[in-house]
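Working notes, beginning with the structure itself.
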Amino acid sequence: MSEKVLHSGTTISLDLEKIMERTGKGKIKIKAKNKSRYALQTLMVTLLGLMVVAFATFDYQNIDFAEAVQATLQNIQTVFLEPELTRDTLTSVLFQLLVTFCLGILSTIIGAFFAFFCSLLCARNIASSRMVNGIKSFIAVVRAVPTVLWVLIFAVSAGLGSVAAVVGLTFHSFAYLTKAYAESIEEIEPGIIEALKANGASYWQIVFQAIVPSTITSMVAWTFMRFEINFTNAVAMGAAAGAGGIGFNLFMAGSFYFDLQEMGMLTYIVVIAVVLLEMVSTRVKAYVK
């Protein structure tokens, strides 16, 4: 039994034993009932059951798992422990890496340029609700379609190659960065914009004197993140859309020549390039701050 005293001086008696729940062993339950937790547990059990059923009903075609695991481990060892350029020269590979880099940076710059102006039209604190809802609905549809599908869609008119890759990457980057930039603008302190409006500032004065200085750090961070995504997507587009670059070399080494040593070396080169890009982006963001 417990008592609770209200501000008015009234005392209410509470029977804690009736409120507390205990386990079968007599321990007090400390986890509250939560519908979302039960739904998540049900989902996890269902997915686990489907996975078990799937593995039990696969057509394995008399595969020897011991031999398959041994061959897989041997291939991994060849790729990552015995990398070597056997068909391409280092100069040629670095040139193809530069091509991939150019695909990524070109699509990022074009997408970021259009995304900045479009984000001004879909930020709730500076645009009308009708305009915001319309543009955000459109970019949500664009972002829902994977980048590779946009590349293949534009390849119908532009043909397979770097043009379709750049347009597809740019289109998806535009939608991605528009949402990111708009959210950054919406996080600006409302008093800043209101103060400028009260002093008679024009729309573009508000943009370049309040919005840009307040959001430049986050916009640069989002832009570099998208550039890293575009770089890795450009590697994949080298094979999927015939855009060239180091992705095409990886595709040929892995699927056409089955040269695991060269595929391993190309993989290491891509990883090193991504790490260097991350280091550069970190320095630029620190400089902008």
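Heavy-atom basis, side chains included; hydrogens, waters and symmetry copies ignored. None of these values were measured; they are calculated from a predicted model.
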Subject >> salt bridge (Lys or Arg N to Asp or Glu O under 4.0 Å) involving R143 - partner list, sequence neighbours excluded >> reply: none
Original post:
Sequence neighbours excluded, which residues qualify as side-chain hydrogen bond (donor to acceptor under 3.5 Å, both in side chains) partners of T223?
Top reply: Y181
Original post:
Sequence neighbours excluded, which residues qualify as side-chain contact (heavy atoms from CB on, under 4.5 Å) partners of F55?
Top reply: M51, F58, Y60
Original post:
For W150, does the CH2 atom sit with more than 12 other heavy atoms under 6.0 Å from it, leaving out its own atoms?
Top reply: yes
Original post:
Which residue pairs pass the ring-ring contact (aromatic ring centres under 6.0 Å, His included) test when at least one of the two sits in residues 119-140, sequence neighbours left out?
Top reply: none
Original post:
Partners of E183 by salt bridge (Lys or Arg N to Asp or Glu O under 4.0 Å), sequence neighbours excluded?
Top reply: K179
Subject >> Positive for side chain to side chain contact (heavy atoms under 4.5 Å, CB included) with L106, one of T108, I110, I109 >> reply: I110
**OP:** Only pairs at least two apart or in different chains count here, so list each ring-ring contact (aromatic ring centres under 6.0 Å, His included) that has a residue in residues 242-278.
**Re:** none
Subject >> Any donor-acceptor N/O pair, Q205 side chain to S202 backbone, under 3.5 Å >> reply: yes
**OP:** State the CG-CD1 distance between N125 and I188, to the nearest 0.5 angstrom.
**Re:** 6.0 Å
Subject >> Set of side-chain contact (heavy atoms from CB on, under 4.5 Å) partners for T100, sequence neighbours left out >> reply: F231, A234, V235, I246
Subject >> Test salt bridge (Lys or Arg N to Asp or Glu O under 4.0 Å) applied to D88 - qualifying residues, sequence neighbours left out >> reply: none
Original post:
Quick check: does any side chain N or O of S214 sit under 3.5 Å from a backbone N or O of I211, one acting as donor and the other as acceptor?
Top reply: no
Original post:
In the single-linkage hydrophobic clustering (I, L, V, M, F, W, Y; side-chain heavy atoms under 4.5 Å), do I272 and M263 co-cluster?
Top reply: no
**OP:** Return the minimal non-hydrogen interatomic distance between T147 and G168, and the atom names on each side.
**Re:** CG2-O, 4.3 Å
Original post:
Under a 4.5 Å side-chain heavy-atom rule over Ile, Leu, Val, Met, Phe, Trp and Tyr, are V52 and L47 clustered together?
Top reply: no
Original post:
Does the side chain to side chain donor-acceptor pair (under 3.5 Å) test come out yes or no for T86 and Q261, once each step is laid out?
Top reply: CA-CA 8 Å; T86 58; Q261 289 180 309; 5.6 Å; no
Original post:
Does any N or O in the side chain of S255 come within less than 3.5 Å of the main-chain N or O of M252, such that one atom is a donor and the other an acceptor?
Top reply: no
Subject >> Pairwise distance OG1(T178) to CG(L121) - rounded to 0.5 angstrom >> reply: 9.5 Å
Original post:
Around atom CD of E82, are there more than 12 heavy atoms of other residues, nucleotides or ligands at under 6.0 Å?
Top reply: yes
Subject >> Side-chain heavy atoms of V69 within contact of L73, under 4.5 Å >> reply: yes
**OP:** Calculate, to the nearest 0.5 Å, the distance between atoms CE and CD1 belonging to M131 and I126 respectively.
**Re:** 11.5 Å
Original post:
Say you draw a straight line from CG of L85 to CD1 of I269; how long is it, rounded to the nearest 0.5 Å?
Top reply: 5.5 Å
**OP:** Drop me the distance from D259's CG to M265's CE, to the nearest 0.5 angstrom.
**Re:** 11.0 Å
Subject >> Minimum side-chain heavy-atom gap C102-L98 below 4.5 Å >> reply: yes
**OP:** Could you list all the ring-ring contact (aromatic ring centres under 6.0 Å, His included) pairs where at least one residue sits in residues 83-133, not counting sequence neighbours?
**Re:** F101-F227, F113-F117
**OP:** Is it possible for you to say whether L103 and F171 belong to one hydrophobic cluster, with membership spreading through side-chain heavy-atom contacts below 4.5 Å?
**Re:** yes
**OP:** Please report the shortest heavy-atom distance between A182 and A123, naming the atom on each side.
**Re:** O-CB, 4.1 Å
**OP:** Check step by step if side chain to side chain contact (heavy atoms under 4.5 Å, CB included) holds for V270 and L266.
**Re:** CA-CA 6 Å; V270 172; L266 295 174; 5.6 Å; no
Original post:
Between S184 and S218, is a side chain to side chain donor-acceptor pair (under 3.5 Å) present by the stated rule, with each step listed?
Top reply: CA-CA 7 Å; S184 299; S218 59; 3.2 Å; yes
Original post:
Would you say V93 and Q96 make side-chain contact, with heavy atoms under 4.5 Å?
Top reply: no
**OP:** Mind checking side-chain contact (heavy atoms from CB on, under 4.5 Å) for V280 and listing every partner two or more places apart, or none if nothing turns up?
**Re:** V284
Original post:
Of all residues at least two apart in sequence or in a different chain, which pass the side-chain contact (heavy atoms from CB on, under 4.5 Å) check with S281?
Top reply: F224, E228, E278, K285
Original post:
Which is it for M219 and I185 under the side chain to side chain contact (heavy atoms under 4.5 Å, CB included) test, yes or no, and what are the steps along the way?
Top reply: CA-CA 9 Å; M219 284 187 177; I185 295 172; 4.0 Å; yes
**OP:** State plainly whether one hydrophobic cluster holds both I135 and V207, where clusters connect Ile, Leu, Val, Met, Phe, Trp and Tyr through side-chain heavy atoms under 4.5 angstrom apart.
**Re:** yes
**OP:** List the steps, then state whether side chain to side chain contact (heavy atoms under 4.5 Å, CB included) holds for T267 with E262.
**Re:** CA-CA 8 Å; T267 302; E262 179 153 333; over 6 Å; no
Original post:
Can you tell me if CD on Q74 sees more than 12 non-hydrogen neighbours from other groups inside 6.0 Å?
Top reply: no
Original post:
So if you build clusters from Ile, Leu, Val, Met, Phe, Trp, Tyr with side-chain heavy-atom gaps below 4.5 Å, do V166 and L97 land together?
Top reply: no
Original post:
So which heavy atom on A210 is nearest to which on L196, and how close?
Top reply: CB-CD1, 3.3 Å
Original post:
For the atom pair CG (L169) and CZ (R226), what is the distance rounded to the nearest 0.5 Å?
Top reply: 7.5 Å
**OP:** Just jot down the side-chain hydrogen bond (donor to acceptor under 3.5 Å, both in side chains) partners of E186, sequence neighbours excluded, or say none.
**Re:** K136
